[in-house]
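Chain letters run A, B, ... following the sequence lines, proteins first and then strands; every chain starts at 1.
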Protein chains: 2
Amino acid sequence: MEKIVDDDLKQQFMTQCHYESLFGSDLAQHAELLHFKTQEYIVKNGIQPAYLFYLVKGKAKLYDSLANGKDTLIDFFTPPCFIGEMEMLDAKNEPFGVQVIDDCYCLALPMEKYRAQLLADPTFLQHVCIYLSHKNARNIKTASRNQGFTLSQRLGAFILLTEHNGYYNEKHTQVAEYLGVSYRHLLFVIADFVKAGYLQKDRRGYRIANQKALQRLAWEVNSSDN
Amino acid sequence: MEKIVDDDLKQQFMTQCHYESLFGSDLAQHAELLHFKTQEYIVKNGIQPAYLFYLVKGKAKLYDSLANGKDTLIDFFTPPCFIGEMEMLDAKNEPFGVQVIDDCYCLALPMEKYRAQLLADPTFLQHVCIYLSHKNARNIKTASRNQGFTLSQRLGAFILLTEHNGYYNEKHTQVAEYLGVSYRHLLFVIADFVKAGYLQKDRRGYRIANQKALQRLAWEVNSSDN
DNA sequence: CTCCTAGTGTGAGATTTCTCATACTTAGTG
DNA sequence: CACTAAGTATGAGAAATCTCACACTAGGAG
C-alpha cells in the first residue's frame, strides 16, 4: 500500500465518482488517495481496517477465511464501491479479506478519526444503505445464476471477468469453491476449453485464445443483469 | 390487513423487539399495529408500500415477479425484521412482493408522513445498515448452501421451515425455483420422501410423518449457521 | 538434501439433476 | 358446455457434477 500525493489525480477521481456528494459535511477533503498493487491486501482477514475505503479504480476480490484455515472466494469489487463499510458500522463483525486483482486506487478516510462523524451523517448513511441494498440484490441474482447456468457458461463469464492481460491465472482450488463445483469438475471443463481451443496453456498460465467463444458462453449469464 | 387497536399488545411487541431503540426520536409512538392473515400480501409486487413495516410475529416470504409473469421465491422473513426498507430508501426500486405464510403482526410507520424524518435519523439509518449487512451475509451463506448440499438435505430443511400445522403445502413449481432445481427433480425427491415414509399424502396435502428423519437430513444444512 | 504441503492433473464409476415427452386434474373463461 | 392454463404426476435417457484414487511438481522447513 502506498499513499499517492497528487492532488490533481485525487481531485479527478473524486469528481469522476461523485465522492463529495456521499457526505453531508465536507469530510471528503480529508480522504487520502491510496494505491494497492496486484496481490496486495486492502483488508486483511480478521484485522480491523484502519480506513473506510472507496474503490475508484481497479478490481479486487472478497474472501472468507473458514475455521479450517481455507479461503473461500465470495465476491468481487469493481469501482465505484465501498470497502470496509461493514466493519465501520459494526466492529463486532469479523472482517473478510479483500485482495487486489488489478491495481487499485482507493479514496480512504481514517476510520478511527472520522467514524463517529460518519455514523452521525444521514447523507452518508443513506448512501451506504442504498449501496448495501443494491449489493444484496446483486448477490441474490448472482446466486440464482449459479443455479441457473451450467459451469461452462459461468466459467466463461468468470474467465473474462478475472482475465488479466489476456491470461487467466486464478487458483483452481479457490475458483472451484467460488463457482460452487468440485475441483475435479472445474479441471474437467477447463480441459474442455483447451480442447475446444478457447484457452491455450503456456508457461505463463492459460492464455485466452478465443475470446469470442467465451463471450458467447457468457452472454446469457451476463444478460440477466437488468 | 387489519389494524389492531390494543395498546397493551402493541406495547408488548414494542418492548419485546426493542422497537423504540431503533429510532433517535420518539417516532415509535406513531407506529400502528397491523395484522395480516395467511396468504395475504404485506407488500404487493410492483406497488409502493404505504408503510415501513417491522415484523414482530409470524412468517412471510419474498417473491420476485419476473418479466414473463412468473414468480420466484427469493427469501423468508422471520421476526424481528424490516419489510419495505428498500422501498423507503430508494423509491426507484421496483418493490418485491411479500406474502404471509403464518399470521403476521407488524409495527408499521406511515411511509409518506415520516419518510423524511426517517432518512434524517442517524440512529435509524444505522440500524437499517446493520440489518442490511447481516441480511446480506445470511444470503451469501444461504447461497453457498444451495451449492454445497444435495436437494434431499435442502428440501428436508425447507419442509421444516415452511411447515404449517404438520403439513407441507407449498406450490411445487415455486419451490423448485427457490431451491434451484428442476420441477421434475423436486417431484422425484418428494416421491422418495413419501416412499421412505417421511411424508404422507392425503387430501390436505403432504403430512409430515417422520419429523426426526427430516431433521436429520436438515441438520448439516442448518448447522453451518455460525 | 529430504520431507512435507499445496496446487495441479487425470481416470473411472457413481450420483444428482436435467430435458423431453406425455397425462390427468382443476379452476377460470367465453 | 368446451377450451385453456396451471399445477400435478410419472417415465426414460442424457448431461452435469461428485467422489475416490492416484500421480506429479514446486516451494518451504528442517
Rounding to an integer number of Å, can you tell me how far [X] [atom1] sits from [N] [atom2]?
| X | N | atom1 | atom2 | answer |
| --- | --- | --- | --- | --- |
| B:L179 | C:dC18 | CG | C1' | 16 Å |
| B:L187 | C:dT17 | CG | P | 14 Å |
| A:I190 | D:dT17 | CD1 | C1' | 15 Å |
| A:H185 | C:dT16 | NE2 | P | 16 Å |
| A:L186 | C:dT10 | CG | C1' | 14 Å |
| A:E170 | C:dG7 | CD | C1' | 14 Å |
| A:Q153 | D:dA16 | CD | C1' | 12 Å |
| B:F188 | D:dT10 | CZ | C1' | 10 Å |

Distance-minimising heavy-atom pair for A:L132 and B:C129
CD1-O, 3.5 Å
Can you check side-chain contact (heavy atoms from CB on, under 4.5 Å) on A:H172 and A:I190, steps first, answer last?
CA-CA 10 Å; A:H172 295 157; A:I190 290 179; 3.7 Å; yes
Just say parallel, tilted or perpendicular for the rings of B:F53 and B:Y51, cut-offs at 30° and 60°.
tilted
When you match B:R184 and B:H172 each to their closest nucleotide on DNA chain D, which lands nearer the 5' end?
B:H172
A:Y105: what forms a ring pair (Phe, Tyr, Trp, His ring centres under 6.0 Å) with it, not counting sequence neighbours?
A:F13, A:H35
With a 4.0 Å limit, can you tell me whether [X] has a side-chain N or O closer than that to the phosphate oxygens OP1/OP2 of [N]?
| X | N | answer |
| --- | --- | --- |
| B:T150 | C:dT17 | yes |
| A:S182 | D:dA16 | no |
| A:R154 | D:dT17 | yes |

